[in-house]
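These notes are about the structure you will find just below.
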Amino acid sequence: MSEIIKVQKGTKDILPQDIAVWHKMEAAALEIFTRAGYKEIRTPIFEATELFQRGVGDTTDIVNKEMYTFEKSERSLTLRPENTAGVVRSYIENGMHKLSAPVKLWYKGPMFRYERPQAGRQRQFHQVGIEMFGIKEPSADAEVILLALNYLKQLGLPNLSVELNTLGCAKCRKEFRALLIETLRPHYEKLCEDCKARFEKNPLRLLDCKNESCKAIFALPEIQQVIQSDFTCPDCSLHFEQLKSYLDNLNVNYKINKLLVRGLDYYNRTVFEIKSENLGSQNAVCGGGRYDTLVEQLGGEPTPAIGWAMGMERLAALLPEINNDKLDIYVVSDNKLETLKLVERLRALNYNVDFDMAGKKFVKQLEKAAKTAHFAIILGEDEINGEYLTLKNLKTAEQTQFPLTNLSDFESRTYKFISTNSSEWIQSKLSMLASGFGM
RNA sequence: GCGGGUUUCGCCAAGUGGUUAAGGCUCCGGAUUGUGGUUCCGGCAUGCAUGGGUUCGAAUCCCAUAUCCCGCCCCA
């Protein structure tokens, strides 16, 4: 046997026994977003490297050190590290600004970042997210945040904490930036290397620094005064106040975090995160914000926009495991031809049905049925000769016979037989049968 | 990129230099040629992440590499 090839570091197989929770996340996304007027968009996994350099921003860590970039036919291509840039590219390229605003889009799929894997972080991971284009009013911000909460609620995660901040617009941020640099300059020497490097380029990012000595500096009264000060221009200020008012009136719990500065360059005004305490150090489930200049920056018409993304692996970590459902019926028989015929008919009636193909003995087949299915159908010599089948409830060991010639009789009478059992499967089957018979 | 830990069967796991590497679960077969998930019996690692080294002798000690996990940075 030659050496086996293993999955690559930071990647994982999602195995059949774990897939149910992914189906749940995907189904919830389709349902909740569709209900809010969002349409799914699927953009390519790789894009021109330049899209991310210009879109995500080349001062970001994502672009600087985390991209999977490769050359092909003298083009530089990159596996998408996030999907906002790709969606914006598609929005521009397909002339979606001509559609009536807002244009509401959602997506799900794999993203790629070359990072050291740890709890809640992989190199290939999945995000589900939404983007809304064309509305600058704060009601859009409110809807987008509510949508995130609704999605989490649908998944049974209603109690996560929302953190909110505003970064202002280019204009007010410029003034704040200048003030911040001026205030921090006396402490420059005491800052960590990263902070020094970012000092002139993107001083807002310093506020996010986790270094203890840097934190101590930012805790100084004169610096806190600057950080806590309301630097936003009247327009930005009003926008934020209106958003907060909407959220207050809708009883959304959130807290203002002045230090919340998102790591992607394209954000302005509203930024927010949704966190969970149960995720270890990578605790952000959802991150998003407004990016009113990105469309223009990537060559489109000036278009306000806002969106968010959730990490699906992190979401999955918060959700309870879902046991895979058992089969509805396992057919026990030594006559493969008659079994195949019956299985075909049962599958056509929407039952999940399987049977033995290995030629095992009767007892073994029944054992297998007991482990993998709710019901067994026994189709032996007696049944075939008498043109009937035996249905066995594997939980209660009850049995009953049905004529083989007319399976609609099987359908209509089965629910009476199985109604003696109250498992979840029975409930779902009952409602299915009931709807099928117009009851 | 930097730090700490981990690695024995499909899964869990004993073993800390000395005969054929415990045990449990799962799986497979039999007891039981049409009624199961109970019970009983049997099978399932010539090998302990990989490569070197020390030793009469290594899963056990040493070195290197890899792996996965956790943390930093950053992000979902």
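Chain identifiers are assigned alphabetically (A, B, ...) following the order of the sequence lines, protein sequences preceding nucleic acid strands; residue numbering begins at 1 within each chain. The basis for the numbers below is simple: all heavy atoms, side chains too, and nothing from hydrogens, waters or symmetry mates.
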Touch class at under 4.0 angstrom, heavy-atom based, for A:K9 against every strand present: sugar-phosphate
Ion pair A:K275/A:E163, N-O distance below 4.0 Å: yes
Euclidean distance, atom CD of residue A:E367 to atom P of B:U35 [Å, nearest integer]: 13 Å
Touch class at under 4.0 angstrom, heavy-atom based, for A:D334 against every strand present: nothing
Watson-Crick or G-U wobble partner of B:G1, both distances under 3.5 Å: B:C72
Phosphate OP1/OP2 of B:U35: any A:T390 side-chain N/O under 4.0 Å: no
Touch class at under 4.0 angstrom, heavy-atom based, for A:G129 against every strand present: nothing
A:E50 atom CD, neighbour heavy-atom count above 12 within 6.0 Å: no
Protein-nucleotide distance (A:N393, atom CG; B:G37, atom C1'), rounded to Å: 13 Å
Protein-to-nucleotide contact annotation, 5' to 3' order, nucleotides 2-13 of chain B [B base; S sugar-phosphate only; - none; under 4.0 Å, heavy atom]: BB----------
Any side-chain donor near an acceptor of the partner, A:E82 and A:Q127, under 3.5 Å: no
Whole-angstrom distance between B:G29 and B:U65, as gauged at atom P: 46 Å
Cation-pi check, A:R269 onto A:F240 ring (under 6.0 Å, within 45° of axis): no
Touch class at under 4.0 angstrom, heavy-atom based, for A:Q365 against every strand present: nothing
Nearest-nucleotide comparison on RNA chain B, the residue closer to the 5′ end among A:G10 and A:A370: A:A370
Nearest to side-chain heavy atoms of A:E383, which nucleotide of B:G34, B:G71, B:G36: B:G34
A:E381 CD - B:U35 P separation (whole Å): 15 Å
Touch class at under 4.0 angstrom, heavy-atom based, for A:E313 against every strand present: nothing
Whole-Å distance separating the NZ atom of A:K371 from the P atom of B:C25: 13 Å
Residues A:R123, A:E115: salt bridge by 4.0 Å N-O rule: no
From A:E387 atom CD to A:D382 atom CG, the distance as rounded to the nearest 0.5 Å: 13.5 Å
Of A:L379 and A:K364, the one whose closest RNA chain B nucleotide lies more 5': A:K364
For atom CE of A:M67 and atom P of B:C74, their distance in whole Å: 18 Å
Sugar-phosphate, base or nothing in reach of A:A284, heavy atoms under 4.0 Å: sugar-phosphate
Closest nucleotide among B:C28, B:U67, B:U35 to the A:K6 side chain: B:U67
Distance-only donor-acceptor test, A:K392 side-chain atoms vs B:U35 base atoms, 3.5 Å: yes
Sugar-phosphate only, base, or nothing, as touched by A:L315 at under 4.0 Å among non-hydrogen atoms: nothing
Length of the CD-P vector between A:Q118 and B:C72, whole Å: 6 Å
Same-atom distance (P) from B:A64 to B:C56, integer angstrom: 24 Å
Between A:S281 and A:Q118: side-chain donor-acceptor atoms closer than 3.5 Å: yes
Whole-Å gap separating P (B:C74) and CG (A:N64): 13 Å
Minimum-distance nucleotide (side-chain atoms of A:K12 versus B:C72, B:C70, B:C69): B:C69
Sugar-phosphate only, base, or nothing, as touched by A:A376 at under 4.0 Å among non-hydrogen atoms: nothing
Touch class at under 4.0 angstrom, heavy-atom based, for A:K360 against every strand present: sugar-phosphate
Residues, nucleotides or ligands: over 12 heavy atoms within 6.0 Å of A:F46 CZ: no
A:K336 and A:D356 ion-paired at < 4.0 Å: yes
Integer-rounded Å distance: B:G36 C1' and A:I377 CD1: 16 Å
